Amino acid sequence: MSRVRVRDRAAPPTLERPGVAWAVPGLLFFLVFAVAPMVGVLYLSLTHWDGLNPPEFTGLDNWSRFLGDSQVRQSTLATGVLLVGNIAVQAPISILLGVWAAGSQRNRAVLSAIFFLPLLLSTAATAIMWRQLLDPNFGLPSKFDWLFGSSNPLGTQQGAVACLVLVTSWQFIPFHSLLYQGAARSIPHTLYQAAEIDGAGRVRQFLHITLPQLRNTIITSTTFMVIGGLTAFDIVLLLTNGGPGTDTSILPFSMYQTAFRTYDYGYASAIASFLLLLATGASVLLTKLSGYDKMSSTLEGL
Amino acid sequence: MRTRPNYLAGAAAFVWLVIIGVPLYALLNTAVQPQTKYTDRGPISIPSALTWENFTTVVDSGFLHYIWNTVIVAVATVAIVLVLAVPISYAVVRGRGWVTKGVFRLFLLGLAIPSQAVIIPLFLLINDLGLYDTLWGVILPTAAFALPVTVLVLSGGMRDISNELYEAMALDGANPARTLLTLVIPMSKSSIATACVFTALQAWNGFLFPLIMTQSEETKLVTPGLYNFVSEYGANVPALLAAVLMSAVPILVVYLFARRALVAGLMGAGGK
């Protein structure tokens with residue numbers, strides 16, 4: 001701590017504030033490696049480019065192809081189904097687990113430490129592990145046929161979608177429940193004491209105090225889920241490889257295939273632009289709802 | 001306030017413990033079993049014979065080199081992100097005027113840019129810079145995409161420093177640079193720790209950038225290394241899962257040392 005000198009006839013100290021110059025290096029770096037590529041992908045979507053020869057401007061060709069592409073429609077649908085499935089499974093479980101873990105008993109602290117472990121595995125590691133566990137010859141289905149029947153869980157469309165939702169939930173529910181645990185801890189106790197005096201039971205307290213108080217966290221966590229869902233690529237590549245057929249070939253996966261497997265970078269850029277549009281749209285909508293953009297109190301303690 | 005125990009919630013939490021625990025047990029169990037035992041007994045069994053053989057198979061294949069590369073990438077990414085994000089957050093929190101507000105909004109928007117969507121122009125850019133198939137080709141984009149979250153975490157922490165302390169610094173005649181070094185950075189230690197762990201985790205687990213930006217054995221990182229093992233060791237499940245386990249060991253070490261920072265950061269990220 002610095003010493004404060006007392007001055008006679010002191011002029012009020014001028015509080016010198018850091019200028020924007022402080023942000024410039026980071027800003028430039030971010031513009032070059034994140035913002036400029038956003039503009040770049042929009043431009044490339046107007047070109048034909050094989051990665052070897054210079055991109056050739058073709059106007060809206062890629063986009064008219066995009067609109068008539070049945071694979072894109074299927075991918076968009078698959079992306080939507082996975083997104084809805086993931087949110088429907090993850091959100092309620094994360095909220096309940098998070099609120100439960102926010103309680104003060106000692107066993108809850110120990111259990112939440114274990115709940116945290118899947119976060120230490122990368123998505124690639126998680127997907128590979130589950131792929132082996134779900135293997136019909138040596139994995140769980142071969143030992144628990146009363147549960148799985150004789151089918152390969154990854155072999156049908158419904159099975160593959162269900163597996164993607166389950167594995168994603170396994171990996172990310174711990175993350176989201178940590179968010180809720182932190183938020184639930186910061187709800188003032190007095191609210192519950194007042195409710196107790198009014199004779200409100202546990203369920204009513206949860207519905208009328210906990211849930212409304214978690215509103216901002218619900219929005220934050222959903223934003224993470226939506227953006228995560230729109231960019232889920234490694235899990236699809238490693239768990240289902242887009243299959244069976246192209247049933248789980250969601251947008252980022254088909255973008256990757258189009259660009260880095262068939263070297264059609266122009267068309268892949270159109271798919272990427274669509275993805276960018278969806279993700280920014282969703283995020284702007286959700287941050288508006290949460291008031292995040294106002295630099296308001298929701299940001300305190302972040 | 002004492003509440004009666006909630007048995008239903010306790011039971012549900014126990015079910016979740018099983019859901020989390022059983023696959024992790026299967027991972028551990030499979031990685032220490034000889035392959036023949038695994039094919040007989042499956043992933044969930046009481047291990048009858050323990051072996052280190054799977055781990056030596058993985059080490060012999062050069063996996064330690066991938067881990068070393070990933071350590072370099074993670075450390076360099078954290079260093080770049082801190083050097084850039086600390087001054088940004090300082091300017092955002094202490095600066096005045098619409099420009100600094102605009103900077104903050106830009107980084108908020110940056111949270112929503114999916115790296116997948118811009119991978120093609122990034123690939124072009126890294127190629128043009130002559131960084132394809134170098135670790136820098138992974139480090140620079142990873143750092144750029146870690147900046148928004150870091151700025152959010154750091155500016156949140158810096159906002160909690162009281163105005164009186166800044167005034168005291170001003171009375172002392174400190175300029176913004178000295179204020180940053182002697183007041184802001186020491187007072188934001190915990191959010192800096194959170195940001196470090198966050199960024200390291202992101203760099204460690206990143207998959208797309210290393211997959212696209214590198215190619216050769218010398219620059220291979222852990223996650224694409226695992227991806228290759230799938231085709232290489234497809235039949236040798238215990239070796240594959242030993243590699244999966246080894247890929248998490250360094251993060252486990254970080255977690256053991258920086259658990260507080262990580263959990264506090266994750267819990268704080270939800271907003272109130």
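Note that the structure is predicted; figures quoted are calculated from it, not measured. The basis for the numbers below is simple: all heavy atoms, side chains too, and nothing from hydrogens, waters or symmetry mates. Throughout, a chain's letter reflects where its sequence line sits, starting with A, and its residues are numbered from 1.
Contacts between B:Ala13 and chain A at a heavy-atom distance below 4.5 Å involve backbone atoms as well as side-chain atoms. With a 4.5 Å cut-off on non-hydrogen atoms, A:Leu276 touches chain B through its backbone and its side chain both. Looking at A:Met255, only its side chain comes within 4.5 Å of chain B, counting heavy atoms on both sides. Of the two parts of B:Leu252, the backbone and the side chain both hold a non-hydrogen atom closer than 4.5 Å to a non-hydrogen atom of chain A. Residue contact with chain A, scored on non-hydrogen atoms closer than 4.5 Å, involves the backbone and the side chain of B:Leu17 alike. Heavy-atom distances place both the backbone and the side chain of B:Tyr227 under 4.5 Å from chain A. Only the side chain of B:Phe123 comes within less than 4.5 Å of a heavy atom in chain A; its backbone stays farther off. In this structure, the portion of B:Leu129 lying under 4.5 Å from any heavy atom of chain A is its side chain and not its backbone. For a residue to count as touching a neighbouring chain, one of its non-hydrogen atoms must lie under 4.5 Å from one of that chain's; by this rule B:Leu226 touches chain A with backbone and side chain alike. For A:Trp170, the parts lying near chain B are the backbone and the side chain together; criterion is any non-hydrogen pair under 4.5 Å. Only the backbone of A:Ser169 comes within contact range of chain B, with at least one heavy atom under 4.5 Å from a heavy atom of that chain. For A:Leu237, the part lying under 4.5 angstrom from a heavy atom of chain B is the side chain only. Within the 4.5 angstrom heavy-atom criterion, no atom of B:Ala243 approaches chain A. Residue A:Val39 does not touch chain B at all, counting heavy-atom pairs closer than 4.5 Å.
Interatomic distance, B:Leu241 CG to A:Met129 CE, rounded to the nearest 0.5 Å: 8.0 Å. Of the inter-residue distances, the one linking A:Phe30 atom CZ with B:Leu106 atom CG reads 5.5 Å to the nearest 0.5 angstrom. Remark: A:Phe260 CZ to B:Ile120 CD1 distance equals 5.5 Å, nearest 0.5 Å.
Between B:Val230 and A:Ile128 there is a side-chain heavy-atom pair separated by less than 4.5 Å. Contact of the B:Phe14 side chain with the A:Leu111 side chain is not registered, since no non-hydrogen atoms from C-beta on lie closer than 4.5 Å.
B:Gln116 places a side-chain N or O within donor-acceptor distance of the main-chain N or O of A:Thr231, the cut-off being under 3.5 Å.
Between B:Ile20 and A:Pro174, the shortest heavy-atom distance links the atoms CD1-CG, 4.1 Å. B:Pro121 and A:Gly40 make their closest contact through CG-C, 4.0 Å (heavy atoms, listed as atom of the first residue, atom of the second, distance). In plain terms, the two heavy atoms of B:Ala177 and A:Trp22 that are nearest each other are CA-CH2, 3.6 Å. Pairing each heavy atom of A:Phe29 with each of B:Ala144, the nearest pair is CE2-N, 3.5 Å.
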Side-chain donor-acceptor contacts of residues 113-125 of chain A below 3.5 Å, not counting sequence neighbours, with atom names and distances?
residue, atom, partner, partner atom, Å
A:Ser122, OG, A:Ala125, N, 3.2
A:Thr123, OG1, A:Gln171, OE1, 3.4
A:Thr123, OG1, A:Gln171, NE2, 3.3

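Partners of B:Asn163 according to the side chain to side chain donor-acceptor pair (under 3.5 Å) rule, which considers only residues two or more places apart in sequence or in another chain, are B:Arg94, B:Glu167.
Between B:Phe145 and A:Phe33, the distance separating the two ring centers is not shorter than 6.0 angstrom.
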